[in-house]
Chemist: 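Before I ask anything, here is the structure I am working with.
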Amino acid sequence: MIPEILIVLLVIFFLFVVFVAYKMVKPPREIEKWTPKDLGYDYKEVTIQTKDGLKLHAWWIDRRSEKTVIPLHGYTSSKWNDLYIKPTMEILLKAGYNVLAFDFRAHGKSEGKYTTVGDKELIDLISAIDWLKKNHPEKAKKIGLIGFSMGGMVIIRALAEDERICCGVADSPPMHLDKTGARGLRYFAKLPEWLYIFVKPFTMLISGGKPVHPLEYADKVKKPLLLIAGKKDPLVKVEEIQEFYERNKKINPNVELWVTEAPHVRTILIAKDEYKKRILEFFEKYL
């Protein structure tokens, strides 16, 4: 009798773990009604074809500049994010930069069944740059990036792997994905962190993605990079971003670290004026 009960419990646990993994790689889509028109700017809805056959939904806002900045949203978010994408776009557009904003795969209105949390999302970004270079070469002479959480992870990888990018701002980027993933179970789903060790293999299996650890790029990034870390961040510890910074500055004289009192990706809220000042100074200097 006891073995039978144990088997039933193990089956239930297995099914629960698979369900959690599925929900992690297929987050709800954030789609709102506002557009860049609500910020006072004309725009075009465009489709970006990725190298692996997906169609990404994007906005192209032309400010008649040769400099374009691409904002990258985080996990479970989209280009409609009110918290950080919308105010960031407003800052950049007012400063005269062109903006190309898109939804990563499996987010917003883009195609794709599953997110890979920083792995195949690099394909999305590179495909967006390909689109920009092909369709608006005169507006893409200088390309900058600003990304939040998962978007920050992608930026770190892109700075090391794509020569067309001039510089990037990474706000609250996870450095140890396993640690952040475990914390994310508690943060997003109110589940215990220890469950992550069982969930992770199934997230990889379902999504087809590979684990990404941005810390491994600390010895590869040699382009201007501004890192932003918040002391009250429940997902990414300041010490983890500090670890990347200390390693990267040995080979990269243009890496900067700004530590604030903010929770995850919320520096733009609690220090709005300073955020605007630092972001614009960074892009003015390196873009």
Side-chain angles (χ1 to χ4, degrees), residues 60-61 63 65-74 79 84-85 87-102 104 118 121-122 124-133 136-175 212 214-229 241-242 244-260 265 267-268 271 274-287:
W60 166 243
I61 308 102
R63 297 287 287 138
S65 171
E66 65 176 14
K67 303 174 182 179
T68 296
V69 180
I70 304 176
L72 302 176
H73 66 78
K79 66 180 180 297
Y84 51 78
I85 294 293
T88 296
M89 287 178 57
E90 194 165 18
I91 290 171
L92 296 170
L93 292 169
K94 282 185 177 179
Y97 294 107
N98 309 316
V99 169
L100 176 62
F102 70 90
F104 280 122
E121 285 70 20
L122 181 60
D124 299 344
L125 174 57
I126 291 174
S127 300
I129 295 173
D130 290 343
W131 179 92
L132 182 61
K133 285 289 189 179
H136 300 282
E138 73 286 358
K139 307 295 175 61
K141 293 181 179 179
K142 295 183 179 181
I143 298 174
L145 308 174
I146 180 168
F148 302 83
S149 194
M150 179 180 74
M153 292 170 56
V154 176
I155 283 176
I156 289 171
R157 296 185 65 204
L159 286 174
E161 299 186 20
D162 195 320
E163 289 298 323
R164 299 172 296 178
I165 302 165
C166 295
C167 58
V169 179
D171 189 331
S172 309
M175 294 297 173
V212 175
L215 188 62
E216 298 173 358
Y217 288 81
D219 303 319
K220 301 176 182 178
V221 175
K222 296 181 181 180
K223 293 182 179 180
L225 170 63
L226 172 59
L227 298 161
I228 302 174
I241 297 179
Q242 179 82 36
F244 179 98
Y245 169 74
E246 294 295 340
R247 281 177 52 178
N248 187 234
K249 73 178 183 179
K250 293 178 182 179
I251 64 165
N252 186 3
N254 296 319
V255 63
E256 305 172 29
L257 174 61
W258 180 24
V259 178
T260 74
V265 300
T267 294
I268 195 170
E274 179 69 10
Y275 199 95
K276 178 180 178 180
K277 178 176 180 291
R278 285 185 179 247
I279 294 304
L280 293 182
E281 285 180 350
F282 178 83
F283 283 128
E284 182 178 349
K285 183 177 181 180
Y286 295 114
L287 202 54

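Values below: all heavy atoms of this structure, side chains included; hydrogens, waters and symmetry mates excluded.
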Chemist: Will you find, in the side chains of H136 and W131, an N or O donor that is under 3.5 Å from an N or O acceptor?
Modeler: no

Chemist: Over all heavy atoms of both residues, which pair between I251 and K220 is shortest? Give the atoms and the distance, please.
Modeler: CD1-N, 3.7 Å

Chemist: Do I70 and I129 come within less than 4.5 Å of each other through their side chains, counting heavy atoms only?
Modeler: yes

Chemist: Just how far is it from atom CG of L125 to atom CD1 of I143, taken to the nearest 0.5 Å?
Modeler: 9.0 Å

Chemist: Does Y84 use its side chain to pair, donor to acceptor, with the backbone of G74 at less than 3.5 Å?
Modeler: yes

Chemist: Between E281 and K277, is the closest basic N to carboxylate O distance under 4.0 Å?
Modeler: yes

Chemist: So for atom NZ, which belongs to K141, do other residues, nucleotides or ligands contribute more than 12 heavy atoms lying within a distance under 6.0 Å?
Modeler: no

Chemist: To the nearest 0.5 angstrom, please state how far the CG atom of D171 sits from the CD1 atom of I279.
Modeler: 7.5 Å

Chemist: Quick test of your reading of the model: are E246 and K249 salt-bridged, counting only N-O distances below 4.0 Å?
Modeler: yes

Chemist: Check K79 against I85 and note the closest heavy-atom contact, atom names and distance.
Modeler: O-CG2, 3.3 Å

Chemist: The test is side-chain contact (heavy atoms from CB on, under 4.5 Å); show your working for V169 and L145 and say whether it passes.
Modeler: CA-CA 6 Å; V169 179; L145 308 174; over 6 Å; no

Chemist: Can you tell me how the ring of F104 sits relative to the ring of H73, calling it parallel under 30°, perpendicular over 60° and tilted otherwise?
Modeler: perpendicular

Chemist: Find out whether I241 and L257 are in side-chain contact, i.e. whether some heavy atom of one side chain is under 4.5 Å from a heavy atom of the other.
Modeler: yes

Chemist: Does P87 offer a backbone N or O that forms a donor-acceptor pair with the side chain of E90 under 3.5 Å?
Modeler: no

Chemist: Compare every heavy atom of V221 with every heavy atom of L159, then report the nearest pair and how far apart it is.
Modeler: CB-CG1, 4.0 Å

Chemist: Starting at CD of E66, measure out to CG of L287 and round the result to the nearest 0.5 Å.
Modeler: 9.0 Å

Chemist: Do P214 and V212 have side chains that approach each other closer than 4.5 Å (heavy atoms only, starting at C-beta)?
Modeler: yes

Chemist: Are any side-chain N or O atoms of K67 and backbone N or O atoms of K139, one a donor and one an acceptor, separated by less than 3.5 Å?
Modeler: no

Chemist: Does K223, at its NZ atom, have more than 12 non-hydrogen atoms belonging to other residues, nucleotides or ligands within less than 6.0 Å?
Modeler: yes

Chemist: Might you work through the side-chain contact (heavy atoms from CB on, under 4.5 Å) test for R247 and L215, ending with a clear yes or no?
Modeler: CA-CA 9 Å; R247 281 177 52 178; L215 188 62; 3.7 Å; yes

Chemist: Atom CD of residue position E138 - does it have more than 12 heavy atoms of other residues, nucleotides or ligands inside 6.0 Å?
Modeler: yes

Chemist: Which atom names give the shortest non-hydrogen contact between G96 and S65, and what distance separates them?
Modeler: O-CB, 3.3 Å

Chemist: Centre of F282's six-membered ring, under 6.0 Å away, within 45 degrees of the axis: is that where NZ or CZ of K285 sits?
Modeler: no

Chemist: At what distance, to the nearest 0.5 angstrom, does CD1 of I228 lie from OG1 of T260?
Modeler: 8.0 Å

Chemist: Does one side chain, of N248 or Y217, offer a donor that lies under 3.5 Å from an acceptor on the other?
Modeler: no

Chemist: About how many Å separate CG of D162 and CZ of R157, when rounded to the nearest 0.5 Å?
Modeler: 12.0 Å

Chemist: Please check this pair: side chain of R63 against backbone of L93, looking for a donor-acceptor N/O pair closer than 3.5 Å.
Modeler: yes

Chemist: F283 and side chain to side chain contact (heavy atoms under 4.5 Å, CB included): which partner among L226, I146, I91?
Modeler: I146

Chemist: Which pair of non-hydrogen atoms, one from L132 and one from A140, has the smallest distance, and what is that distance?
Modeler: CG-CB, 3.5 Å

Chemist: If we only count heavy atoms from C-beta on, is the E256 to L225 side-chain gap below 4.5 Å?
Modeler: no

Chemist: Verify the distance criterion only: is there a donor paired with an acceptor across the side chains of S149 and S172 at less than 3.5 Å?
Modeler: no

Chemist: With side-chain contact (heavy atoms from CB on, under 4.5 Å) as the test, would you mind laying out the steps for I61 and Y97 before giving the verdict?
Modeler: CA-CA 9 Å; I61 308 102; Y97 294 107; over 6 Å; no

Chemist: Quick one: CE on M89 to CG on L92, what's the gap to the nearest 0.5 Å?
Modeler: 8.5 Å

Chemist: Given the rule in the side-chain contact (heavy atoms from CB on, under 4.5 Å) test, do T88 and F148 qualify, once you have shown the distances and angles that lead to the verdict?
Modeler: CA-CA 11 Å; T88 296; F148 302 83; 3.3 Å; yes

Chemist: Below 4.5 Å, heavy atoms only, C-beta onward: do L227 and P173 meet side chain to side chain?
Modeler: yes

Chemist: What's the shortest heavy-atom distance between L280 and A95, and which atoms?
Modeler: CD2-CB, 3.6 Å

